Each structure stands twice: as structure tokens, then as C-alpha cells.
There are 2 protein chains.
Amino acid sequence: MDEVFKALADGSRRSLLDRLHARNGQTLNELCEGLAMTRQAVTKHLVILEEANLVTTIRHGREKLHYLNPVPIHQIGERWIKKFERGKLAALSELKRQLEKRDE
Amino acid sequence: MDEVFKALADGSRRSLLDRLHARNGQTLNELCEGLAMTRQAVTKHLVILEEANLVTTIRHGREKLHYLNPVPIHQIGERWIKKFERGKLAALSELKRQLEKRDE
DNA sequence: ACAATATGCAACTAAATGGTTGCATGTCAA
DNA sequence: TTGACATGCAACCATTTAGTTGCATATTGT
């Protein structure tokens with residue numbers, strides 16, 4: 001889970017995920033198009049995404065196809081964000097209460 | 001949004017959020033208890049959480065009370081994770097299909 | 001008033017991060 | 001078979017990050 005959060009912390013990596021979400025199964029070179037970064041920089045980002053299991057790759061001849069794996073993102077939602085949803089209203093009203101009695 | 005992702009990337013910061021989720025409105029010293037970190041390190045983490053608007057503080061005399069703000073977490077779920085939920089099954093079946101025809 | 005308590009600020013350090021360049025390897029197509 | 005194309009590997013660099021130590025300031029209880 002920590003690897004996933006770390007992988008998602010970088011904007012370039014999130015936009016790579018966006019690109020794969022828009023069109024799945026792209027090659028490295030396709031993913032590089034229009035980016036202000038060298039191919040090697042993109043490679044490094046993709047390795048980090050792979051290690052976090054957010055991207056899966058398949059070699060096809062000399063090409064490497066990249067596929068989005070949405071499962072870890074889903075798990076962040078289920079296992080982490082949902083925890084904070086419970087008690088969200090309670091936290092907010094407590095926060096409001098404390099802010100209001102600030103001037104006591 | 002980027003600040004929130006960055007803030008959540010660190011395990012120590014996520015566990016500070018956990019602590020506030022367990023008990024809201026703790027002082028700096030309370031949040032330091034039992035952690036393998038100096039108070040100053042915790043302060044820095046809390047500053048980052050505040051800048052990401054994940055934590056709000058209220059001074060109360062010489063104490064500083066920390067309150068969890070669950071809104072940015074909720075927004076990550078709504079604005080970001082949900083985007084990848086749509087098309088999740090499509091992505092997974094495409095991924096499976098590609099993995100299976102690997103040996104062509 | 002003053003000692004204890006709670007937090008703030010600044011300088012410094014080590015390691016991680018995001019990026020680069022240069023070269024190597026593997027695959028395809030004419 | 002050979003040149004072009006797609007990707008891989010390694011060394012290097014600058015900046016950011018996570019942490020430390022030391023000292024300063026502000027508040028409170030006796």
C-alpha cells in the first residue's frame with residue numbers, strides 16, 4: 001500500500017496513468033509523445049508504477065505494451081479512504097465546534 | 001490536489017492522520033507520544049498536512065490542537081479514484097485478454 | 001516572579017528522488 | 001544481413017525530503 005501511495009505522489013506518474021486510462025496498451029514510445037521529459041525518465045516512472053502493481057507490461061516483439069491495473073487504486077478507495085469517510089461528519093462538526101468556541 | 005497526494009505519500013504522515021482519526025483534537029506533544037521521531041520531525045509532518053489542508057489547528061493557550069479535515073481525502077475518492085472505477089472492468093478484461101494471447 | 005511546560009525557528013546532514021547523457025542490446029523489415 | 005527502430009542499463013547531477021540538534025519564545029501554575 002505504501003508503494004502505491006508513493007507512486008501516486010508524482011504528477012507525471014498520475015498523468016501516465018491518465019494516458020493509459022484514456023487508451024490502454026500503449027508502448028513506451030507512445031507514452032513518451034508530447035511529454036517534456038526524456039524517454040529514460042518516462043521509463044523510470046513506469047518502473048515505479050509497475051513495482052506498485054499499477055501497470056502491467058507485456059512484451060510483444062521489440063515493443064513493450066503497458067496496461068493499467070486499476071485494482072490498487074480501487075483498494076486505496078476501499079481500504080483507506082472509506083475508513084475516513086466513517087466519522088467524516090463527526091470530525092467536521094467537532095472541527096466546527098472547536099473553531100467556534102475559539103474566542104472563549 | 002498534488003499537495004494532498006504528496007502529503008499522503010509518507011507513512012508517518014498517514015499514521016498521524018490515523019491517530020487524529022482515532023482521537024481528534026490532539027496537541028503536538030500527544031501526537032508525538034510513542035513515536036520513534038523527535039518532536040521537531042513530527043512538527044514538520046504536521047506542517048505539510050496543514051498545507052495540504054488535511055489538518056486544521058487551533059491555538060489554545062500554549063497548546064496547539066490538531067483536527068483532522070477529511071474533505072481532501074473525500075475529494076481524492078470523488079475526483080480521482082472514481083475516474084478509474086469507470087472502465088475498471090473494461091481495463092481488467094482487456095488486460096486479461098492480452099495476457100492470454102501472450103504466446104501468439 | 002519564576003520554573004516548568006508547549007511550541008517555534010534555524011542550520012545542518014544523509015538519503016531519496018527526478019532528471020539527464022551516453023552507450024548497449026534486441027528485433028524487425030527490406 | 002544490415003540499418004533502423006524500440007527498449008535497457010549505468011553513471012552522474014541537482015533538488016527535495018526526512019530527519020537531527022540547539023536554542024528561542026510564549027504560557028501557565030505555584
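Every chain is numbered from 1, with letters handed out A, B, ... down the list of sequences. Everything numeric here is computed off the predicted structure, so don't read it as measured data.
Evaluation of the salt bridge (charged side-chain N to carboxylate O under 4.0 Å, His left out) rule for E3(B) yields no partner, not counting sequence neighbours.
Side-chain atoms of E50(A) do not come within 3.5 Å of backbone N or O of T57(A) as any donor-acceptor pair. The backbone N or O of T27(A) sits less than 3.5 Å from a side-chain atom of E30(A), completing a donor-acceptor pair. Proximity of a side-chain donor or acceptor of N69(B) to a complementary backbone N or O of N53(B) within less than 3.5 Å is detected. For R14(B) (side chain) and L8(B) (main-chain N/O), a donor-acceptor pair under 3.5 Å exists by modelled atom type. Remark: the backbone N or O of L31(B) is not paired with any side-chain donor or acceptor of H66(B) at under 3.5 angstrom.
One finds no side-chain N or O of T38(B) lying less than 4.0 angstrom from the OP1 or OP2 phosphate oxygen of dG19(D). The phosphate of dG19(C) has OP1 or OP2 within less than 4.0 Å of a side-chain N or O from H45(A). In this structure, T27(B) does not reach the dA6(C) phosphate: none of its side-chain N or O atoms is under 4.0 Å from OP1 or OP2. Contact annotation: N29(B) side-chain N/O to dT5(C) OP1/OP2 distance is not under 4.0 Å. Regarding contacts with the backbone of dC9(C), every side-chain N or O of K44(B) stays at 4.0 angstrom or more from both OP1 and OP2. Residue R59(B) places at least one side-chain N or O closer than 4.0 Å to OP1 or OP2 of dG8(C).
Between L35(A) atom CG and dG19(C) atom P there is a gap of 10 Å when expressed in whole angstrom units. Between L28(A) atom CG and dG26(C) atom C1' the separation is 14 Å, expressed in whole Å. Rounded to whole Å, the distance from CD on Q26(A) to C1' on dA6(D) is 15 Å. Here dA16(C) presents its P atom at 14 Å from CD of E3(A), a figure rounded to the nearest Å. Here dA24(D) presents its P atom at 14 Å from CZ of R39(B), a figure rounded to the nearest Å. As rounded to whole Å, 7 Å separates atom P of dT7(C) from atom NE2 of H66(B). Atom CE of M37(A) and atom C1' of dG19(C) are 9 Å apart (whole Å). Distance L49(B) CG to dT17(D) P: 14 Å, rounded to the nearest Å.
Contacts between residues 4-20 of chain B and DNA chain C, defined by a heavy-atom separation below 4.0 Å, involve no residue at all.
Under 3.5 Å, the side chain of R62(B) and the base of dG29(D) form no donor-acceptor pair of N or O atoms. With hydrogens and angles left out, the side chain of Q40(B) and the base of dG22(D) share a donor-acceptor pair within 3.5 Å.
Mapped onto DNA chain C by nearest heavy atom, A36(A) and G61(A) fall at different nucleotides, with A36(A) at the one closer to the 5' end.
Follow the hydrophobic side-chain contacts under 4.5 Å out from M1(B) and you reach L17(A) in the same cluster.
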